[in-house]
Number of protein chains: 2
Amino acid sequence: MVGSPSGQSIPEATVSRLPLYLRSLQELMDEELSTVSSERLAEMAGVNAAKVRKDLSYFGSYGTRGVGYDVEYLLLHIRRELGLTHDWPCVIAGMGNLGQALANYGGFSDRGFVIAALVDANPDKVGTTVEGVPISHVDDLDDLVSRLDIHIGVIATPAHAAQDVADRMVAAGVTSILNFAPTVITVPDGILVRKVDLAVELQILSFYQERRQAGASLTGA
Amino acid sequence: MVGSPSGQSIPEATVSRLPLYLRSLQELMDEELSTVSSERLAEMAGVNAAKVRKDLSYFGSYGTRGVGYDVEYLLLHIRRELGLTHDWPCVIAGMGNLGQALANYGGFSDRGFVIAALVDANPDKVGTTVEGVPISHVDDLDDLVSRLDIHIGVIATPAHAAQDVADRMVAAGVTSILNFAPTVITVPDGILVRKVDLAVELQILSFYQERRQAGASLTGA
DNA sequence: GTGCCTTTGTGAAATTGTGCACGAGCCGGG
DNA sequence: CCCGGCTCGTGCACAATTTCACAAAGGCAC
């Protein structure tokens, strides 16, 4: 079981670190380095060296003892594991501030996520374009998704519209959803949802910040 | 030690769920419900009921057996734990697409995070305003942070500028940083950093999406 | 007041994730 | 060919988190 490439069981925690390794390896490529040690990679990714080695070992043994990992080979391999050997066409729903920013944000297309379609419910916005991509009406989701072979949908609508849009996406054939709306959406089995709530992170910071100040006033003056 | 309110040790995992409970409780307030069971709250927050009870128990026992939790009381309590009884002035650095979207995004100020200042390194942008907040030059960070009593900084710059901005923020007195730049930043002890990488989430989706397709072609037709 | 129903609060078990420590394997030099 | 130094791969112990299961306790009907 151990060491078998493409084994079924890659820990979730490991998966969530793969993008970090990928990014670090890309930087190393830019610096034209051909090999990298787990220690260096760990430092770049902001984790611990043992963790890097353990994570990479789930995919088999690609390192060379005494030397390190081959940057190019590892890069290719992780990219393949992450399914980034081809581009992913995506649709963004909700062209408010957040949706527009996401559509404009270069960080997606850089990494293989092509904004193939944009939709909104507001007829006034339909027809305008963002970054050369026309905004369609949300009613056209079905057509867009099947015609452009879209599997990934991004929800950037207000909270109250999120569930409806999610339902439409699923009905249209989307199987993975990234939800930026601050609400829980429910989907059928087999549909994968990840959630990013920008304000949640600030609230977590706030928690620790408040604690620190409270603590400081106890221990401090 | 158990049940002591404000005990030192609230698990990180619990803290990261508090904002979800808070949001759910706000919805319940809007619906004018006065009590809620752990089961209902769990459903709204998208977690498991036992987890809700355990999470809440770290703050002491605020529920009534046979009845549930008092919505208003619990709301107030979590808000206090999260340090959201007052507003937090924040500064956003980097007024590109992402920074502008964050500044425009209503979801922050709704929850007590007031955009007090905006900075950018580009002189052309300095002087213009976003949502009524003027963009200052990044060199003025020091002055802004101390004058407006800012503790929280948001980095929305390109990756290559993030570390420099983080250093400046720390020097100016910021103690909590939310980093949207796709890079690891290092800060002195005592400074708290949280990281949101929009593309990372898509890559994680991509991983599972790819696996699913691979699996489907084995088990399916 | 008694009994029943409901829902909390919480030990304890199960699962998941982390970090250490060290054997194993590779490289370069003599 | 052998040796010393370096770095991977991994078993193991430990820590964190989740989940289960159930006793304890409030509320309501009668």
Side-chain angles (χ1 to χ4, degrees), chain A residues 1-5 7-21 24-25 28 33-75 77-78 204 207-208, chain B residues 1-5 7-18 20-21 24-25 28 33-71 73-75 77-78 204 207-208:
Chain A
M1 197 177 315
V2 176
S4 105
Q8 284 286 3
S9 55
I10 289 160
E12 235 176 287
T14 295
V15 173
S16 67
R17 280 189 294 267
L18 291 182
L20 302 183
Y21 301 148
S24 305
L25 287 166
L28 290 165
L33 294 172
S34 63
T35 62
V36 62
S37 69
S38 58
E39 190 148 7
R40 176 103 171 77
L41 191 53
E43 188 200 327
M44 295 181 71
V47 300
N48 155 313
K51 215 181 315 199
V52 170
R53 292 200 296 275
K54 181 152 295 194
D55 283 345
L56 297 183
S57 77
Y58 289 114
F59 304 105
S61 306
Y62 292 110
T64 306
R65 295 168 197 233
V67 178
Y69 298 90
D70 184 281
V71 171
E72 189 173 353
Y73 188 64
L74 190 55
L75 181 66
H77 195 71
I78 292 186
I204 295 171
F207 175 90
Y208 290 109
Chain B
M1 192 171 323
V2 177
S4 103
Q8 285 284 3
S9 54
I10 289 160
E12 230 175 291
T14 294
V15 172
S16 67
R17 279 189 296 266
L18 291 182
L20 301 184
Y21 301 148
S24 305
L25 288 165
L28 290 166
L33 294 172
S34 62
T35 62
V36 63
S37 68
S38 58
E39 189 149 7
R40 175 104 171 76
L41 190 53
E43 188 200 326
M44 295 181 71
V47 301
N48 152 315
K51 213 177 324 196
V52 170
R53 292 200 297 274
K54 180 143 290 189
D55 283 344
L56 297 183
S57 78
Y58 289 115
F59 303 106
S61 305
Y62 291 111
T64 307
R65 294 169 196 229
V67 178
Y69 299 90
D70 184 281
V71 171
Y73 187 64
L74 190 55
L75 181 67
H77 195 71
I78 292 186
I204 295 172
F207 175 89
Y208 290 109

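Side chains are part of it too, since the values below use all heavy atoms of this structure and drop only hydrogens, waters and symmetry mates. In what follows, chains are A, B, ... by sequence order, proteins preceding strands, each numbered from 1.
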- [ ] Classify the ring geometry between B/His77 and B/Phe59 as parallel (under 30°), tilted (30 to 60°) or perpendicular (over 60°).
- [x] perpendicular
For B/Arg53, the salt bridge (Lys or Arg N to Asp or Glu O under 4.0 Å) test, sequence neighbours excluded, returns none
Across all chains, not counting sequence neighbours, the side chain to side chain contact (heavy atoms under 4.5 Å, CB included) partners of A/Glu72 are A/Met29, A/Asp70
Winner on side-chain proximity to A/Ser57, out of D/dT10, C/dG9, D/dC8, is D/dT10
The correct set of residues in residues 34-45 of chain B placing a heavy atom under 4.0 Å from DNA chain C is B/Ser37, B/Ser38
Counting primed atoms, P, OP1 and OP2 as sugar-phosphate and everything else as base, the B/S/- map of nucleotides 23-30 of chain C against protein heavy atoms under 4.0 Å is BBBBS---
Residues in residues 13-21 of chain A with a heavy atom under 4.0 Å of DNA chain C, by number, are A/Ala13, A/Arg17
Rounded to whole Å, the OH-C1' distance (B/Tyr69 to C/dT7) equals 9 Å
From the candidates D/dT17, D/dG9, C/dG9, the one with an atom nearest any side-chain atom of B/Pro11 is D/dT17
Between A/Ala50 and B/Gly63, the residue closer to the 5' end of DNA chain C by nearest nucleotide is B/Gly63
(message) Below the 4.0 Å mark, does D/dT17 have OP1 or OP2 next to a side-chain nitrogen or oxygen of B/Tyr58?
(response) no
Side chain to side chain donor-acceptor pair (under 3.5 Å) filter on B/Tyr69, not counting sequence neighbours, yields none
Hits for side chain to side chain contact (heavy atoms under 4.5 Å, CB included) against A/Ala13, two or more places apart or cross-chain, chain-then-number order -> A/Arg17
The nucleotide from D/dT17, D/dG9, D/dC20 with an atom nearest the side chain of A/Arg53 is D/dG9
Contacts of A/Thr14 meeting side chain to side chain donor-acceptor pair (under 3.5 Å) (sequence neighbours excluded), chain-then-number -> A/Asp55
Taken in chain and number order and not counting sequence neighbours, the residues that satisfy side chain to side chain contact (heavy atoms under 4.5 Å, CB included) with A/Ala42 are A/Val47, A/Ala49, A/Val52
Polar atom pairs (N or O), protein with nucleotides 12-14 of chain C, under 3.5 Å:
unit_1, atom_1, unit_2, atom_2, d
C/dA12, N6, B/Lys54, NZ, 3.1

